[in-house]
Chemist: 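Take a look at this one; I'll ask things after.
If you're wondering where the values come from, they're calculated on a predicted model, not measured in any experiment. FYI, side chains are in, hydrogens and waters are out, and symmetry mates aren't considered; it's all heavy atoms of this structure. Per chain, numbering begins at 1; letters A, B, ... match sequence-line order.
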2 protein chains.
Amino acid sequence: MELKEDMLKAFVDKCREQGLKITPQRVAVYEILLNSHTHPTVEEIYEEVKKKYPFVSLATVYRTVETLEQMGFAKRVCYWGNSVRYDANTEEHHHLICTNCGSIKDIYLEDGINLPENLEGFKPAGYSVNIYGLCPNCKN
Amino acid sequence: MELKEDMLKAFVDKCREQGLKITPQRVAVYEILLNSHTHPTVEEIYEEVKKKYPFVSLATVYRTVETLEQMGFAKRVCYWGNSVRYDANTEEHHHLICTNCGSIKDIYLEDGINLPENLEGFKPAGYSVNIYGLCPNCKN
DNA sequence: GTAATTGCAAAGAGTTTGCAAGCGC
DNA sequence: GCGCTTGCAAACTCTTTGCAATTAC
């Protein structure tokens, strides 16, 4: 796993490269996503950014996460219809999802999956595994 | 895989058992879901039901799919933030998702996944694998 | 200075809910 | 007839968009 500072630097560099401006809001959103392991919703990111920049707009957060996704610095994940969540961990990893409290935890599978040879012409690029169940807290 | 007629009968029986009424709308929604392999959105189900019952309400479809989910006859699936999709295939199966056109196809994995022993107290109940890539049509 | 970005407010999707009328049992 | 279910419309939540003011470069 790369260091967060490296990722932040890579992000800033790529922004420069693409002619995108390095605004405090943009950096703050990415920093929060990097430091969060809860796969936050846009609303949750917004609440965090507001602590530092009280006048930030929710629309800005929406626009920023979309930019991050397009740049490959964040992934959109979704497990219920409710709302979209974002994840700055772009390594291949999988999720433990608690069906009771909705918490999501990253896991790394030792052995990959054996994808079937014959996918009927489908060309796979990657996969993700969601394991549903009860987290330690909700097991009781 | 069970026959569709059997599933429909099971659904009707379970409705009776639970004191739920067998209304044409309810049956139509489940039939459409059973006969569809496209994991339709609520809107898409609604459009189908309307062909048979033009005065059906979208709200009824929403209420019906929720009932179906609670009864275990349908699963809610979600791959983008856009909208929720439903699937009447309740066997353990997985999905090929085209990142270009958004189509979803069911697959069955020969060998299951080896879940890690240590899930840090998490008690797994099931899992699903989503394989992202390009479908035969979009490969070109 | 210029162009990208922001904040605001309004608009747009998708979904849920309250209620009177209607229908299955 | 009773009570669940429906259709309608309104409300609600989540997300996107238009636009003038602002900010990074």
Side-chain angles (χ1 to χ4, degrees), chain A residues 8 11-32 39-71 73-74 76-86 102, chain B residues 8 11-32 39-71 73-74 76-86 102:
Chain A
L8 227 162
F11 170 61
V12 169
D13 287 349
K14 188 130 190 192
C15 280
R16 290 230 172 76
E17 194 184 310
Q18 299 195 354
L20 298 178
K21 292 178 177 171
I22 322 291
T23 66
Q25 293 93 327
R26 201 165 261 170
V27 175
V29 167
Y30 186 49
E31 267 189 315
I32 284 161
H39 310 76
T41 61
V42 175
E43 194 72 34
E44 286 162 355
I45 299 169
Y46 171 59
E47 290 302 326
E48 279 301 310
V49 180
K50 261 210 302 207
K51 289 182 185 166
K52 214 171 168 184
Y53 303 99
F55 296 109
V56 77
S57 152
L58 182 57
T60 299
V61 180
Y62 271 101
R63 283 185 281 227
T64 305
V65 289
E66 203 189 322
T67 306
L68 285 169
E69 196 191 3
Q70 285 169 0
M71 294 171 77
F73 285 93
R76 174 189 273 235
V77 294
C78 172
Y79 305 105
W80 303 279
N82 322 3
S83 57
V84 175
R85 289 164 175 273
Y86 284 88
Chain B
L8 227 162
F11 170 60
V12 169
D13 287 349
K14 188 129 189 196
C15 280
R16 290 230 171 76
E17 194 185 311
Q18 299 194 354
L20 299 178
K21 292 180 177 170
I22 321 292
T23 65
Q25 294 93 326
R26 201 165 261 171
V27 175
V29 167
Y30 185 50
E31 267 188 316
I32 283 160
H39 309 75
T41 61
V42 176
E43 193 73 34
E44 285 163 355
I45 299 169
Y46 171 58
E47 291 302 326
E48 279 300 310
V49 181
K50 261 209 304 206
K51 289 181 186 167
K52 215 171 167 184
Y53 303 99
F55 296 108
V56 76
S57 153
L58 182 57
T60 298
V61 180
Y62 271 101
R63 284 185 280 227
T64 305
V65 289
E66 202 190 321
T67 306
L68 284 170
E69 197 190 2
Q70 285 170 1
M71 295 172 77
F73 285 94
R76 175 189 271 236
V77 295
C78 172
Y79 305 106
W80 304 278
N82 321 2
S83 56
V84 176
R85 290 165 174 273
Y86 283 88

Chemist: Please evaluate residues A:Glu66 and A:Arg63 with respect to the criterion salt bridge (Lys or Arg N to Asp or Glu O under 4.0 Å), reporting the C-alpha separation (whole Å), side-chain torsions for both, the decisive distance (0.1 Å), and the verdict.
Modeler: CA-CA 5 Å; A:Glu66 203 189 322; A:Arg63 283 185 281 227; over 6 Å; no

Chemist: Let me know the distance between OH of B:Tyr62 and P of D:dA11, rounded to the nearest Å.
Modeler: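 The distance from OH of B:Tyr62 to P of D:dA11 comes to 19 Å, rounded to the nearest Å.
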
Chemist: Before giving the answer on salt bridge (Lys or Arg N to Asp or Glu O under 4.0 Å), spell out for A:Glu48 and A:Lys51 the whole-Å C-alpha distance, their side-chain angles and the decisive distance to 0.1 Å.
Modeler: CA-CA 5 Å; A:Glu48 279 301 310; A:Lys51 289 182 185 166; 2.9 Å; yes

Chemist: Is there a side-chain contact between B:Gln70 and B:Gln18 in this structure, where contact means two heavy atoms from C-beta onward sitting under 4.5 Å apart?
Modeler: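 A side-chain contact under 4.5 Å is absent here.
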
Chemist: C:dT15 C1' sits how many Å from B:Leu58 CG, rounded?
Modeler: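 The distance from CG of B:Leu58 to C1' of C:dT15 comes to 8 Å, rounded to the nearest Å.
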
Chemist: Starting at the 5' end of DNA chain C and moving along, which residue's nearest nucleotide shows up first, A:Pro24 or B:Leu20?
Modeler: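 So the residue in question is A:Pro24.
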
Chemist: Specify the separation, in whole Å, of atom CZ of A:Phe55 and atom P of C:dC8.
Modeler: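 Going from CZ in A:Phe55 over to P in C:dC8 covers 8 Å.
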
Chemist: With respect to the phosphate group of D:dG7, does any side-chain polar atom (N or O) of B:Thr60 fall under 4.0 Å of OP1 or OP2?
Modeler: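 The answer is yes; a side-chain N or O of B:Thr60 sits under 4.0 Å from OP1 or OP2.
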
Chemist: Figure out the CD/C1' separation between A:Gln70 and C:dA4, and round it to whole Å.
Modeler: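 Atom-to-atom, A:Gln70 to C:dA4, this comes out as 15 Å.
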
Chemist: Is the distance from OP1 or OP2 of C:dG7 to the nearest side-chain N or O of A:Gln25 less than 4.0 Å?
Modeler: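 Yes, A:Gln25 has a side-chain N/O under 4.0 Å of OP1/OP2 on C:dG7.
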
Chemist: Take B:Thr23 and B:Val42, find for each the nucleotide of DNA chain C with the closest heavy atom, and name the residue whose nucleotide sits nearer the 5' end.
Modeler: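 In this pair, the answer is B:Val42.
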
Chemist: B:Tyr46 has an atom OH; how far is it from atom P of C:dA13, in whole Å?
Modeler: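 Nearest whole value for this atom pair: 16 Å.
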
Chemist: From NZ of A:Lys21 over to C1' of D:dT22, roughly how many Å is that when rounded to an integer?
Modeler: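 Going from A:Lys21 (NZ) to D:dT22 (C1'), I get 10 Å.
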
Chemist: Whole angstroms only, please: what is the NZ-P distance between A:Lys50 and C:dT6?
Modeler: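 Atom-to-atom, A:Lys50 to C:dT6, this comes out as 17 Å.
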
Chemist: Among D:dT15, C:dG7, C:dA4, which nucleotide sits nearest the side chain of A:Ser57?
Modeler: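 Of the options given, the side chain of A:Ser57 lies nearest C:dG7.
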
Chemist: In Å and rounded to the nearest 0.5 Å, what is the CG to CZ distance from A:Leu20 to A:Phe11?
Modeler: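 The CG atom of A:Leu20 sits 7.5 Å away from the CZ atom of A:Phe11.
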
Chemist: Pick base, sugar-phosphate or nothing for B:Arg63, based on heavy-atom distances below 4.0 Å to the nucleic acid.
Modeler: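 Result for B:Arg63 = base.
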
Chemist: Pick out which of B:Thr41, B:Val42, B:Val84 makes a side-chain contact (heavy atoms from CB on, under 4.5 Å) with B:Val65.
Modeler: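 That would be B:Val42.
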
Chemist: Among the candidates C:dC8, C:dT5, C:dT15, find the nucleotide nearest to the side-chain atoms of A:Ala59.
Modeler: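 That would be C:dC8.
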
Chemist: In whole angstrom, what separates A:Leu68's CG from C:dT5's P?
Modeler: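 So the CG-P distance, A:Leu68 to C:dT5, works out to 12 Å.
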
Chemist: Tell me which nucleotide among D:dG7, C:dC8, C:dT15 gets nearest to the side chain of B:Val56.
Modeler: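 Nearest nucleotide to the side chain: D:dG7.
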
